[in-house]
2 protein chains.
Amino acid sequence: MTQTDPAPLPADLLPADCPVPSVPVLGSRKWAWRIIRCLEDGPRRFSELRVPLAGITAKVLAESLRSMEQDGVLVRTEFDENPPRVEYALTPLGRTLLGPMDAMCAWSRENLAGLLAARAEHERGH
Amino acid sequence: MTQTDPAPLPADLLPADCPVPSVPVLGSRKWAWRIIRCLEDGPRRFSELRVPLAGITAKVLAESLRSMEQDGVLVRTEFDENPPRVEYALTPLGRTLLGPMDAMCAWSRENLAGLLAARAEHERGH
DNA sequence: GGTGCCAGTTACTTCAAGGGAACCGGCCTT
DNA sequence: AAGGCCGGTTCCCTTGAAGTAACTGGCACC
């Protein structure tokens with residue numbers, strides 16, 4: 001199971017002098033941001049997550065959740081019911097990500113248009 | 001040249017309801033954070049960037065720089081000198097990234113230890 | 001004429017993540 | 001007995017970024 005192996009942190013994680021070159025939990029995992037957002041308001045079960053995360057497959061969602069659980073940003077709780085129920089919730093550590101994420105989200109809201117314009121211009125001009 | 005095609009923004013970029021699921025410029029490009037940090041204090045030339053970005057190859061650096069130029073976060077300036085000189089500098093748009101990046105960096109400084117602990121515990125306990 | 005510098009390029013390979021489709025096990029209802 | 005629900009797993013394929021290594025072009029200096 002490759003996805004349950006703790007992914008090695010990128011070698012360049014903390015280069016001693018300059019602050020973080022990448023964001024551990026959020027980098028290189030396409031759905032991580034959205035998953036965290038979906039859990040912001042409380043625990044959700046597997047199938048509840050699949051709805052807002054339109055397009056994600058069970059496989060990828062399961063993989064992402066396991067890796068984020070490993071990182072300690074969320075917890076998986078299995079209830080002994082039938083049909084089975086499994087809930088995912090942010091940990092306190094996971095909640096601390098919301099602040100920085102908001103900063104990034106604000107940046108995107110303000111600057112995404114500019115970024116797309118830059119790309120478009122680049123495509124036309126050359 | 002695949003890397004000069006404007007990469008399509010991820011389809012899930014702005015899902016209307018919830019703020020940005022990923023960071024355009026910084027996601028999925030391993031060296032982007034560090035490159036921006038290296039330009040924070042002023043323009044640098046190609047070979048100057050290779051020093052602090054220990055381990056990066058000319059190819060990857062060139063690719064990254066071109067894609068970031070396309071996104072409008074930096075500019076490439078070619079001087080007609082010899083030997084050739086080319087400088088890269090952050091644009092105003094690029095500078096606006098520094099704030100959110102600082103927030104993320106602060107998060108990492110504060111919580112990286114906890115994250116590694118969570119991983120380690122996961123590895124032991126299961 | 002050979003060497004070096006700078007800023008790359010080109011071709012090839014590797015690797016991790018994502019996507020698609022099929023399948024599973026337990027229990028419940030019809 | 002058949003089908004549905006939930007929460008997955010398994011296998012296989014594709015993709016995109018990164019890494020490796022060799023090579024380029026123009027000029028300048030020795």
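Hydrogens, waters and symmetry mates play no part in the numbers below; they use all other heavy atoms, side chains included. By convention in this document, chain letters (A, B, ...) are assigned in the order of the sequence lines, proteins followed by strands, and residues within each chain are numbered from 1.
- We find that CG of A:Leu65 is positioned 17 Å from P of D:dC6, with the value rounded to whole Å.
- B:Ala62 meets the side-chain contact (heavy atoms from CB on, under 4.5 Å) test with B:Phe46; sequence neighbours excluded.
- Counting non-hydrogen atoms under 4.0 angstrom, B:Arg76 reaches the backbone sugars and phosphates but no base.
- Between C:dA7 and B:Arg85, no contact under 4.0 Å exists linking OP1 or OP2 to a side-chain N or O.
- Regarding A:Arg66, its CZ atom lies at a distance of 10 Å from the C1' atom of D:dT9, rounded to whole Å.
- Taking CD of A:Glu40 as the reference point, atom CG of A:Asp102 lies at 6.5 Å (rounded to 0.5 Å).
- For the pair B:Leu53 CG and C:dG8 P, the computed distance is 14 Å after rounding to whole Å.
- Here OH of B:Tyr88 is found 5.0 Å from CG of B:Leu65. Values are rounded to the nearest 0.5 Å.
- Contact check, B:Arg44 against C:dA7: no side-chain N or O comes under 4.0 Å of OP1 or OP2.
- Terminal axes of the helix from C:dG1-D:dC30 to C:dT30-D:dA1 (five pairs each, C1' rotation axis) are separated by 20°, to the nearest 10°.
- Rounded to an integer number of Å, the gap from CZ of B:Phe46 to C1' of C:dT9 is 10 Å.
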Once base and sugar-phosphate atoms are separated, protein heavy atoms under 4.0 Å mark nucleotides 18-23 of chain C, 5' to 3', with B, S and - as BBB---
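- Within the 4.0 angstrom heavy-atom criterion, only backbone atoms of the sugar-phosphate kind lie near A:Tyr88; the bases stay farther away.
- When the P atom of D:dA18 is taken as reference, atom CZ of B:Arg34 falls 13 Å away, rounded to whole Å.
- With sequence neighbours excluded, the residues satisfying side-chain contact (heavy atoms from CB on, under 4.5 Å) with B:Ala103 are A:Pro100, A:Ala103.
- Close to D:dG8, at under 4.0 Å from its OP1 or OP2, lies no side-chain N or O of A:Arg50.
- Here CG of B:Leu93 is found 8.5 Å from CG of B:Asp71. Values are rounded to the nearest 0.5 Å.
- When rounded to the nearest whole Å, the span between CG of B:Asp80 and C1' of D:dG25 equals 14 Å.
- Of all the heavy atoms in B:Pro52 and B:Arg34, the pair that sits closest is O-NH2, 4.4 Å.
- Note: A:Trp107 CH2 to B:Met101 CE = 10.5 Å, rounded to the nearest 0.5 Å.
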Return the polar atom pairs (N/O with N/O) between nucleotides 26-30 of chain D and the protein under 3.5 Å, or none.
residue	atom	partner	partner atom	Å
D:dC27	O4'	B:Asn82	ND2	3.1

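- For the atom pair B:Trp31 CH2 and B:Cys38 SG, the distance stands at 9.5 Å (nearest 0.5 Å).
- Computed from coordinates, the B:Phe79 CZ to C:dG8 P distance equals 12 Å when rounded to whole Å.
- Sequence neighbours left out, not one pair with a member in residues 41-59 of chain A passes side-chain hydrogen bond (donor to acceptor under 3.5 Å, both in side chains).
- The distance from atom OG of A:Ser64 to atom NZ of A:Lys30, rounded to the nearest 0.5 Å, is 10.0 Å.
- Pairs of residues two or more places apart, or lying in two chains, never qualify as salt bridge (Lys or Arg N to Asp or Glu O under 4.0 Å) while including a residue from residues 88-101 of chain A.
- For the pair B:Arg45 and C:dG8, the criterion of a side-chain N or O lying under 4.0 Å from OP1 or OP2 is not met.
- Look at CD1 on B:Ile35: it is 9 Å from P on D:dA18, rounded to the nearest Å.
- Residues in residues 76-85 of chain A take part in these side-chain hydrogen bond (donor to acceptor under 3.5 Å, both in side chains) pairs, two or more places apart or across chains: A:Arg76-A:Glu78, A:Glu81-A:Arg85, A:Arg85-A:Glu87.
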